[in-house]
Asker: 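Please read through the structure below; I'll follow up with questions.
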Amino acid sequence: MRALNRVGMQPASLPLSADDIVEFHAARLLLLLHVCGISGRIDGLTKMAKLDFFSRYPDFFETASLVVASGVEEQADAAGKFKATVESAMVRHHYGPWDKRYYHVLAHLEAKRLISVAKHDNSYRLALTELGRSRAKDLSNRTSFGPLVERMRDIKKVFGSKNGTYLKNLIYRIFDEEVGRRPMGELIG
């Protein structure tokens with residue numbers, strides 16, 4: 001993964017994906033904190049990762065929100081019932097979907113003074129700074145981010161009040177084949 005200002009050092013003949021650009025992920029996480037957080041704050045890396053999972057895998061979010069709305073959260077076995085749309089792939093980790101780039105992106109955001117990361121009990125509290133709030137608000141008003149912001153608003157309505165452990169367990173129950181049985185480190189989707 002490279003910063004946008006370093007892209008010009010790469011030969012023009014090599015393909016470049018937005019997924020390879022740190023600012024792509026940074027913008028999404030700023031929006032996640034702004035839209036899905038409570039006053040621009042998310043408590044816990046697990047919760048952040050699971051909310052991010054739903055923003056990156058819209059088909060999984062649709063399925064999970066239908067399962068939660070139905071009130072039947074037992075093994076829903078959604079396997080094979082949809083073709084997953086993936087905006088940026090994540091891997092199966094010990095606590096469900098994860099992106100190994102989180103530490104890099106969070107450090108980037110903290111170094112730019114857009115977020116603060118503080119240890120709180122047994123987890124980390126991620127919060128937008130004033131500058132981060134301003135930048136996230138600017139991003140949320142851009143039409144190019146419109147669909148993502150709308151999906152994040154829906155995610156907050158359905159899962160915003162849930163904690164990371166609840167979301168992790170829900171993902172494992174509903175998407176056992178797609179996530180739970182996937183080998184550690186393998187891409188989801």
Side-chain angles (χ1 to χ4, degrees), residues 1 4 17-73 76 78 81-91 96-99 101-102 105-106 108-109 112 114-115 125-164 166-175 178-179 187-189:
M1 192 163 53
L4 197 54
S17 166
D19 205 33
D20 296 331
I21 307 296
V22 70
E23 288 87 353
F24 168 75
H25 299 285
R28 190 189 61 254
L29 290 181
L30 276 179
L31 287 170
L32 190 76
L33 288 164
H34 178 67
V35 177
C36 293
I38 297 170
S39 298
R41 187 185 87 219
I42 293 177
D43 292 335
L45 291 170
T46 301
K47 181 172 182 173
M48 179 210 67
K50 301 326 162 239
L51 294 173
D52 190 36
F53 169 73
F54 287 127
S55 75
R56 292 161 74 165
Y57 289 78
D59 293 340
F60 282 71
F61 169 66
E62 286 299 318
T63 300
S65 61
L66 291 172
V67 168
V68 169
S70 74
V72 181
E73 292 183 22
K81 294 181 182 171
F82 63 91
K83 179 170 176 20
T85 301
V86 179
E87 294 191 3
S88 177
M90 297 175 81
V91 299
W98 184 256
D99 189 332
R101 297 170 291 204
Y102 281 142
V105 175
L106 292 171
H108 173 82
L109 289 168
K112 297 281 186 183
L114 298 171
I115 68 167
R125 178 172 282 167
L126 310 162
L128 292 172
T129 62
E130 285 305 314
L131 179 60
R133 286 179 204 279
S134 172
R135 297 288 161 81
K137 186 177 178 184
D138 291 344
L139 287 173
S140 68
N141 290 327
R142 292 186 182 186
T143 55
S144 57
F145 285 104
L148 178 61
V149 170
E150 281 306 308
R151 184 167 48 254
M152 286 181 175
R153 286 185 181 131
D154 293 340
I155 291 166
K156 182 173 183 169
K157 285 178 196 169
V158 178
F159 297 122
S161 64
K162 308 297 185 192
N163 67 32
Y166 170 86
L167 295 172
K168 172 195 63 134
N169 292 338
L170 178 74
I171 289 167
Y172 278 154
R173 278 194 307 270
I174 298 173
F175 307 111
E178 296 89 345
V179 179
L187 287 177
I188 299 169

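Along the sequence shown, residues are numbered consecutively beginning with 1.
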Asker: Once salt bridge (charged side-chain N to carboxylate O under 4.0 Å, His left out) is applied, what residue pairs with a partner in residues 138-150 remain, sequence neighbours excluded?
Answerer: Glu150-Arg153

Asker: Any idea which heavy atoms bring Tyr57 and Met90 closest together, and the distance?
Answerer: OH-N, 2.9 Å

Asker: Can you sort out the partners of Asp154 under side-chain hydrogen bond (donor to acceptor under 3.5 Å, both in side chains), two or more places apart, ordered by chain and number?
Answerer: none

Asker: Quick check: closest heavy atoms across Pro97 and Ala49, and the distance to 0.1 Å?
Answerer: O-CB, 3.9 Å

Asker: Between atom CG of Leu29 and atom CD1 of Ile115, what is the distance when rounded to the nearest 0.5 Å?
Answerer: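 Nearest 0.5 Å value for the CG-CD1 distance: 8.0 Å.
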
Asker: May I ask you to check whether over 12 heavy atoms, not counting those of Lys112, lie within 6.0 Å of atom NZ?
Answerer: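 No, not enclosed.
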
Asker: What distance do Lys168 atom NZ and Tyr172 atom OH have between them, rounded to the nearest 0.5 Å?
Answerer: 6.5 Å

Asker: Mind checking salt bridge (charged side-chain N to carboxylate O under 4.0 Å, His left out) for Arg133 and listing every partner two or more places apart, or none if nothing turns up?
Answerer: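 For Arg133 the salt bridge (charged side-chain N to carboxylate O under 4.0 Å, His left out) partners, ignoring immediate neighbours, are Glu130.
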
Asker: Looking at Leu128 and Ala136, what are the two nearest heavy atoms and their distance?
Answerer: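 Answer, listing the atom of Leu128 first, then Ala136: CD1-CB, 4.2 Å.
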
Asker: So, do Leu167 and Phe53 sit near enough that their side-chain heavy atoms are less than 4.5 Å apart?
Answerer: no

Asker: If you count every heavy atom of other residues, nucleotides or ligands that lies below 6.0 Å from Arg135 atom CZ, does the total exceed 12?
Answerer: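 Atom CZ in Arg135 is not crowded, with 12 or fewer foreign heavy atoms closer than 6.0 Å.
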
Asker: Can you name the closest pair of heavy atoms from Ala64 and Ile174 and give their distance?
Answerer: CA-CD1, 3.9 Å

Asker: Ignoring hydrogens and angles, tell me if any N or O in the side chain of Arg56 forms a donor-acceptor pair with the backbone of Val86 under 3.5 Å.
Answerer: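 Here the side-chain-to-backbone pair does not exist.
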
Asker: Sequence neighbours left out, cut at 3.5 Å: what donor-acceptor pairs do the side chains of residues 31-46 make with other protein atoms?
Answerer:
| from | atom 1 | to | atom 2 | distance (Å) |
| --- | --- | --- | --- | --- |
| Arg41 | NE | Asp43 | OD1 | 2.9 |
| Arg41 | NH2 | Asp43 | OD2 | 3.1 |
| Asp43 | OD1 | Arg125 | NE | 2.8 |

Asker: Excluding sequence neighbours, so at least two apart, what forms side-chain hydrogen bond (donor to acceptor under 3.5 Å, both in side chains) with Glu87?
Answerer: Arg151

Asker: Any chance you could measure Leu66, atom CG, to Phe61, atom CZ, to the nearest 0.5 Å?
Answerer: 9.0 Å

Asker: How long is the straight-line distance from CG of Leu106 back to CG of Leu114, given to the nearest 0.5 Å?
Answerer: 11.5 Å

Asker: Glu62: what forms a salt bridge (charged side-chain N to carboxylate O under 4.0 Å, His left out) with it, not counting sequence neighbours?
Answerer: none

Asker: Mind listing the closest non-hydrogen atom pair of Ser55 and Arg28 along with its distance?
Answerer: OG-CD, 4.0 Å

Asker: Which distance, rounded to the nearest 0.5 Å, do you find between the CZ of Phe145 and the OG1 of Thr143?
Answerer: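 Phe145 CZ to Thr143 OG1: 10.0 Å, rounded to 0.5 Å.
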
Asker: Give, for atom CZ of Phe159 and atom NZ of Lys47, the distance between the pair rounded to the nearest 0.5 Å.
Answerer: 11.5 Å

Asker: For the residue pair Ala89 and Asp99, what are the closest heavy atoms and their distance?
Answerer: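 The answer is O-OD2, 4.3 Å.
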
Asker: Using the side-chain contact (heavy atoms from CB on, under 4.5 Å) rule, pick out the option among Ile188, Leu170, Val67, Thr63 that qualifies with Phe175.
Answerer: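 Testing Phe175 for a side-chain contact (heavy atoms from CB on, under 4.5 Å) against Ile188, Leu170, Val67, Thr63 leaves exactly one candidate, Thr63.
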
